[in-house]
**Student:** 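Submitted below is the structure of interest, expressed as structure tokens.
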Amino acid sequence: TLQDILIRWHRMRGFDTLWQPGTDHAGIALQMAVEKQMAERQEPDRKALGRDKFVDRAWHYKAETGSAIINQLKRLGASCDWSRERFTMDEGLSQAVLKVFVDLYNEGLIYRGKRLVNWDPRFETAISDLEVENIETNGHMWHFKYPLAGRETYTYVEKDEDGNVVLTEERDYISIATTRPETMLGDGAVAVHPSDTRYAPLVGKMCEIPVGPKEHRRLIPIITDEYPDPDFGSGAVKITGAHDFNDYAVAERGGIPKYRLMGTSGHMRADGAPYAEDALAAQKIAAGAAATEEEIDALNLVPDEYRGLDRFEARKRVVADITAEGLAVMTRADDPRLGKPALKPDENGADAPVPLVEAKLIMQPYGDRSKVVIEPMLTDQWFVDAEKIVGPAIEAVRSGEVTILPEQNAKVYFHWLENIEPWCISRQLWWGHRIPVWYGLNMAMMGDKLARYGLTPESPPEDWDGIDIGAELAFDGLVQAGEHAQSAIDLDAVGEKFLDDLAALPAPLNHARIVEVEDKHAAIYALAEGLAAYAAEDDPTKLVYPVWRDPDVLDTWFSSGLWPIGTLGWPDQTPELERYFPTSILITGFDIIFFWVARMMMMQYAVVEQRPFDTVYVHALVRDEKGKKMSKSLGNILDPLDLIDEYGADAVRFTLASMAAMGRDLKLSRDRIAGYRNFGTKLWNAVRFAEMNGVYADPAWRTDVIPTQNRRDTDAVQTANLWIIGETAKVREEVDAALAAYRFDDAAKALYSFVWGKVCDWYVEFSKPLFASEDPTVVAETRETMGWVLDQCLILLHPFMPFITEELWGVTGTREKLLAHADWPTLQAADLVDETADREMTWVISLIEEIRSVRAQMHVPVGLYLPLLQLDLDAHGQAAYARSEALINRLARIESLSPADALPKGAVTIAVEGGTFGLPLADAIDVGAEKARLEKSLGKLDKDISGLNGRLTNPKFIDSAPEDVVVETRELVTSKQDEAARLKSALDRLAELE
RNA sequence: GGGUGAUUAGCUCAGUGGUAGAGCGCUUCGUUCACAUCGAAGAUGUCGGGAGUUCGAAUCUCUCAUCACCCACCA
């Protein structure tokens, strides 16, 4: 709604506008939805279906459901440039994505690395930090003994805060606390704080992981690191670099090996060599043997009996086994640290030793889509070196080149960007932009093995599989060969470096054709097959060099981040790019400042060295009536389409606009929407009234040429007409000022109170006696004025309520163009406000209000016309009354005005600026009620006056306050005193009556 | 633990140094002439508490309380 208001407003003001519509491919969410649908229909799963068919399936799903967002926008009246609708996976954006990936790779800004990532075991993909939701969960903390190597002993001394020794004990172990016992299998060390005197004698020694087959228990070193908190737990921390982010950092610092224990689905690894073998290898590494990251990763340190278990099942088994072996730290059953639900003192009483298991609230990471516990996992991923490209994005906002509104969001933006982590851009999904990287076998490393041509597909060498053949190649040339090509690749399109690499292969492979195959195994197979055929047939055309493509896709935000340039045709230098880039404004929710805004900023600067937009307006989040964030699982969704069905799009839009105060969330309520639906009805009826009074009867007066600069050419003389023309100019200025400042609520409120409060409540009423005039020039003038005023209302309201205003615009005359294309007025209050009319009508309105108020309080029948007596009235008042007599008489139900020297018995007094009137109510008047009424008004006035006088008699106020404030205060007190005097004399007269 | 914001009428919220506002709801009255999805009139506030700055504070400062959200996180 806000976007549409801005775009319509600018369009009507004559700007060359583009509102770029489109959708992203929502990688994880869409793939998940498709898989769910397939499961519901009991179809074969993704893996059984195969990648190509699955992706086809996803495209179908997207075609069926992807239009929902667009349809919602259309129902809401969004005036996007629909012919330019784009999708992140369409041809053009995909080209942009490929080019950016390759360029950034060549600049060294994209790299592949082994990192600890948040791994979603359900979707079997890495997810970003931002997609992880931390939820407080009931957990346990176990305390276990890690025996010292060789059962060495030491004296453990525990002191309290004052340094008094509270415990001295000979120990042959170091005590460790953990919430994740199953990860003990991958421990690389135990760390203590350097200042921790309890463990100082142990540093540098080895201890034993108390789990697994006894004959193959691993020894790990005790090291120091700043990370352990001596006051927490035992003060000693096990370091599992592959399964915990803090431990990862410690392991990096200390060169501790990071052993991966789990597979992609969160089960304990079942691959690799038998445990005994790998444990031995690990032991050698711990003793100082060199090993590469790959070699370490290949080791499976899960004991055979735990292999293949779910991680939570493995945890239970590990706990049970250690406890059974007597290596759990024991305590008394009445230890207050013990978890309540976990353990109870057994029947042996409080002295009975029980394992120390503390019940703890832990913050458990969950996937925000999958809702399963996230596992920190050491994997190969692609990263953008965000730190290197973030600079301009920070600087742009700091320097004001890009403005973020409301301002407080800039702080959030800075905080995140200044502490930015490498951006993991690979996702283990099929739906998305597949990473344009092909891998080939590293022939050089295979050396002498290649000399043996006599291979057959049936008998590839067994050891090939274990050889490092992962040297990666990334070439844009390959990309152009076709995404799914399982065939020869066009050599002309292949990158130069790749061809060099190929030429450097041992003969005869330097003459091989490049073919794309499924994966590494298929590559080995294809190579063997080719070599065998070559050897047998001496046919060089059989030689192939197989490559396979990275199976991962890019993070959706990688392509969304290129939206500003990508949708305008980049990398081609299109006219649209020239004309509309950099764009003007992005309106979005705070929840994607990091995901999207920051990424667009970084990427646009990195790729085209320009800002993507000059303003970011962070809109509020729409919550339900109770302030809860809407969510499907809570079932508190207000579907915009339902609301539109019920109240109309205009009402929904106007509600959203009027509640869009900057920086606060809004609670959407049906009552509020209903109120603005009524507003539309009100406008409709006002136009109907005009129509009934002949405003649109004569087509000759109609013109779409709205006078926008100066007082219009109607020769209007009627005060009410002059007044409403001026008011119209005022509201035009208010609306423009509000929209220019993105104060949508102010603009909506200004229009609401003008249309309802001024036009409908007053001007329409004023027009009734004018339309009833016998003077045809008065009628004609009023028709013209009303037609013009209502036209202005339609124009000014159009950005907010496009449907009803367009409809009314169409039915009230033959227009040259749609209201959507009408010219926005530039009416100036300075040109159009008639001071005299303004002052007079303000006075007339307050007089009518006073009379109505008195009548209501005195319970005068609504339809009864009464004479009005004029006690005193200054020249301004006389002129005003004379000019608007018909209006006053009708609206205040006054029969006639006549001068009087005194008020008769039974008359109530009406005091207004510059005059006193009396309303004779015959015997109907209740003297007591009248007295009470006057006294109440007087009391309020006296309070105001004394307050104001208090200020005016304070010399400091006169000295310090600005001149105009002092003058204003003086005028205010004078007018209030004047009114108070009138009320006092009315009270005096009342007293005489008694 | 760190950060950000909020606290104003019964409800939802504007108002950021100069006499406290809107919509909804509520009370009373009203169906001839645009509109009952309406009209007229009306009631309702220690602007969360306290202290300070200022001639003057809902507004600026400090402090306390309560609430919300974000980030991190205790092996």
Side-chain angles (χ1 to χ4, degrees), chain A residues 129 134 141-142 176-180 183 190-191 227-229 231-240 244-247 250 360 362-363 406 408-409 411-412 415-416 419 590-591 593-594 621 623 625 627 629 647 651 655 658-659 661 663-672 674-693 743 745-746 749 752-753 757 760-761 764-765 767-768 772 849 852-857 859-863 891 893 940 943-945 947-948 950-952 954-962 964-966 968-969 972-973 976:
Chain A
D129 294 354
N134 289 300
M141 190 161 75
W142 290 268
I176 302 292
T178 181
T179 55
R180 302 205 51 199
T183 65
V190 167
Y227 163 65
D229 175 0
D231 296 326
F232 186 87
S234 69
V237 186
K238 68 189 205 61
I239 300 301
T240 320
D244 181 280
F245 286 95
N246 288 311
D247 293 4
V250 176
K360 269 180 75 67
I362 52 176
M363 288 303 262
Q408 61 253 33
N409 290 287
K411 289 184 195 169
V412 184
H415 183 261
W416 192 70
N419 298 291
F590 74 90
D591 49 341
I593 291 179
F594 306 138
L621 200 64
R623 296 172 178 275
E625 296 189 27
K629 189 171 170 175
Y647 302 103
T655 307
S658 71
M659 296 180 83
R664 276 184 64 156
D665 287 350
L666 58 94
K667 294 173 194 159
L668 194 56
S669 84
R670 288 173 176 272
D671 286 348
R672 188 92 181 225
Y676 290 119
R677 185 245 351 242
N678 297 353
F679 177 57
T681 309
K682 189 77 180 173
L683 177 70
W684 183 273
N685 282 310
V687 171
R688 206 164 68 121
F689 169 82
E691 192 175 27
M692 290 170 65
N693 284 282
R743 298 301 309 251
D745 57 331
D746 284 352
K749 279 166 193 163
Y752 184 91
S753 67
C760 292
D761 285 352
V764 165
E765 296 303 324
S767 76
K768 288 173 183 174
E849 282 176 338
R852 281 174 171 174
S853 177
V854 166
R855 290 177 60 119
Q857 286 175 66
H859 299 106
V860 177
V862 175
L891 297 186
R893 298 283 196 268
K940 196 168 172 245
K943 200 179 147 202
D944 289 351
I945 291 166
L948 293 168
R951 277 204 256 163
L952 286 169
N954 182 346
K956 283 185 179 170
F957 172 70
I958 307 293
D959 291 346
S960 317
D964 55 328
V965 173
V966 176
E968 205 175 292
T969 310
L972 198 59
V973 82
K976 282 191 189 276

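All values below were derived from every heavy atom in this structure, side-chain atoms included, with hydrogens, water molecules and symmetry-related copies excluded.
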**Student:** Is the distance from OP1 or OP2 of B/rG42 to the nearest side-chain N or O of A/Ser853 less than 4.0 Å?
**Tutor:** yes

**Student:** Output the single nucleotide from B/rA40, B/rU12, B/rC55 whose closest atom is nearest the side chain of A/Met659.
**Tutor:** B/rU12

**Student:** Please compare A/Val764 and A/Thr179 by the position of their nearest nucleotide in RNA chain B and report the one closer to 5'.
**Tutor:** A/Val764

**Student:** Between B/rG52 and B/rA41, how far apart are the two C1' atoms, rounded to whole Å?
**Tutor:**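 The same atom, C1', in both gives a distance of 44 Å.
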
**Student:** B/rC38 C1' sits how many Å from A/Arg688 CZ, rounded?
**Tutor:** 12 Å

**Student:** A/Tyr752 side chain: which of B/rC74, B/rU19, B/rG23 is closest?
**Tutor:**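 The closest nucleotide is B/rG23.
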
**Student:** Counting the atoms with a prime plus P, OP1 and OP2 as sugar-phosphate, which does A/Asn246 contact under 4.0 Å by heavy atoms, base, sugar-phosphate, or nothing?
**Tutor:**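 The residue A/Asn246 makes sugar-phosphate contact but no base contact.
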
**Student:** Taking the P atom in each of B/rA58 and B/rC67, what is the distance between them to the nearest angstrom?
**Tutor:** 26 Å

**Student:** Let's see if you can work this out: which of B/rC74, B/rU19, B/rC29 has an atom nearest to the side-chain heavy atoms of A/Arg951?
**Tutor:** B/rU19

**Student:** For the backbone of A/Thr655 and the side chain of A/Ser658, can you confirm whether one donor and one acceptor N or O come within less than 3.5 Å of each other?
**Tutor:**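 Indeed, once roles are kept as given, a pair shorter than 3.5 Å links the two residues.
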
**Student:** Going by purine N1 to pyrimidine N3 plus the second Watson-Crick contact, or the G-U wobble pair, all under 3.5 Å, which nucleotide sits opposite B/rC60?
**Tutor:** B/rG52

**Student:** When you measure from the side chain of A/Thr178, which nucleotide among B/rG23, B/rG18, B/rA75 comes out closest?
**Tutor:**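 Within the option list, the nearest is B/rA75.
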
**Student:** Mind checking if A/Gly235 touches a base, just sugar-phosphate, or nothing, with heavy atoms under 4.0 Å?
**Tutor:**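 Touches a base.
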
**Student:** Paired with B/rG39 by Watson-Crick or G-U wobble geometry, both distances under 3.5 Å: which nucleotide is it?
**Tutor:**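 For B/rG39, the partner nucleotide comes out as B/rC29, under the 3.5 Å rule.
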
**Student:** With a cut-off of less than 4.0 Å, is there a side-chain N or O of A/Lys682 near OP1 or OP2 of B/rG39?
**Tutor:**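 A/Lys682 to B/rG39 OP1/OP2: side-chain N or O found under 4.0 Å.
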
**Student:** Compare the minimum distances between each of B/rC55, B/rA41, B/rA34 and the side chain of A/Asn954, then state the nucleotide with the smallest one.
**Tutor:**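 In terms of side-chain proximity for A/Asn954, the closest of B/rC55, B/rA41, B/rA34 is B/rC55.
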
**Student:** Please tell me which of the listed nucleotides, B/rA34, B/rA75, B/rA14, lies nearest to the side chain of A/Asp745?
**Tutor:** B/rA14

**Student:** So, A/Asn693 side chain and A/Phe689 main chain: donor-acceptor pair closer than 3.5 Å or not?
**Tutor:** yes

**Student:** Heavy atoms only, 4.0 Å cut-off, all strands: where does A/Arg677 land among base, sugar-phosphate and nothing?
**Tutor:**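 Base: the residue A/Arg677, judged by heavy atoms under 4.0 Å, touches a nucleobase.
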
**Student:** Classify A/Pro962 by what it touches in the nucleic acid, base, sugar-phosphate, or nothing, heavy-atom distance under 4.0 Å.
**Tutor:** base

**Student:** Parallel, tilted or perpendicular, judged at 30° and 60°: which one describes the rings of A/Tyr752 and A/Tyr676?
**Tutor:**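 The arrangement is perpendicular - the two ring planes meet at more than 60°.
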
**Student:** For atom C1', what is the distance between B/rA22 and B/rG56, given to the nearest Å?
**Tutor:**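 Taking atom C1' in both B/rA22 and B/rG56, they lie 26 Å apart.
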
**Student:** Around atom CD of A/Glu849, are there more than 12 heavy atoms from other residues, nucleotides or ligands closer than 6.0 Å?
**Tutor:**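 Atom CD in A/Glu849 is packed in, count exceeds 12.
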
**Student:** Let's see if you can work this out: which of B/rC55, B/rG18, B/rA14 has an atom nearest to the side-chain heavy atoms of A/Ser960?
**Tutor:**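 Of the options given, the side chain of A/Ser960 lies nearest B/rC55.
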
**Student:** From the set B/rC55, B/rG18, B/rU12, return the single nucleotide nearest to any side-chain atom of A/Arg672.
**Tutor:** B/rU12

**Student:** Using the P atom on both, measure B/rU37 against B/rG25 and round to a whole Å.
**Tutor:** 12 Å

**Student:** Using atom CD1 of A/Ile945 as one end and atom C1' of B/rU19 as the other, report the distance to the nearest whole Å.
**Tutor:**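 That distance rounds to 12 Å.
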
**Student:** So which nucleotide from B/rA34, B/rC74, B/rC55 ends up closest to the side chain of A/Phe957?
**Tutor:** B/rC55

**Student:** Is there a donor-acceptor pair under 3.5 Å between the side chain of A/Arg951 and the backbone N or O of A/Thr969?
**Tutor:**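 No, because the side chain of A/Arg951 does not come within donor-acceptor range (under 3.5 Å) of the backbone of A/Thr969.
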
**Student:** For A/Leu972, which contact category applies under a 4.0 Å heavy-atom criterion: base, sugar-phosphate, or nothing?
**Tutor:** base

**Student:** Rounding to the closest angstrom, what is the interatomic distance between B/rG48 and B/rU59 at atom C1'?
**Tutor:** 15 Å

**Student:** A/Phe679 or A/Gln857: which one's nearest nucleotide on RNA chain B is closer to the 5' end?
**Tutor:**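 The residue closer to the strand's 5' end, by nearest nucleotide, is A/Phe679.
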
**Student:** Mind checking the C1' distance from B/rG30 to B/rG23? Whole angstroms is fine.
**Tutor:** 23 Å

**Student:** Check whether any side-chain N or O of A/Arg743 sits under 4.0 Å from OP1 or OP2 of B/rG15, and answer yes or no.
**Tutor:**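 Checking B/rG15 against A/Arg743, a side-chain N or O does come within under 4.0 Å of OP1 or OP2.
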
**Student:** Between A/Arg855 and A/Val862, is any pair of side-chain heavy atoms under 4.5 Å apart?
**Tutor:** no

**Student:** Checking contacts here: which listed nucleotide (B/rC73, B/rC24, B/rG39) is nearest the side-chain heavy atoms of A/Asp761?
**Tutor:**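 That would be B/rG39.
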
**Student:** Taking the same atom, P, in B/rU63 and in B/rC71, what whole-Å distance lies between them?
**Tutor:**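 Rounded to whole Å, the distance is 26 Å.
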
**Student:** Can you tell me the pairing partner of B/rC47 across any strand shown, Watson-Crick or G-U wobble, with both distances under 3.5 angstrom?
**Tutor:** none

**Student:** Specify the closest pair of heavy atoms between A/Gly233 and A/Ala177, including all atoms of both residues, with the distance to one decimal.
**Tutor:**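 Reported closest heavy-atom pair: CA-CB, 4.5 Å.
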
**Student:** Say we look at B/rC26 and B/rG45: how far apart would their C1' atoms be, to the nearest angstrom?
**Tutor:**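 That atom pair is separated by 16 Å.
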
**Student:** Taking a pair as Watson-Crick or G-U wobble with both distances under 3.5 Å, which nucleotide is matched to B/rU66?
**Tutor:**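 Answer to the pairing question: B/rA6, which forms a Watson-Crick or G-U pair with B/rU66.
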
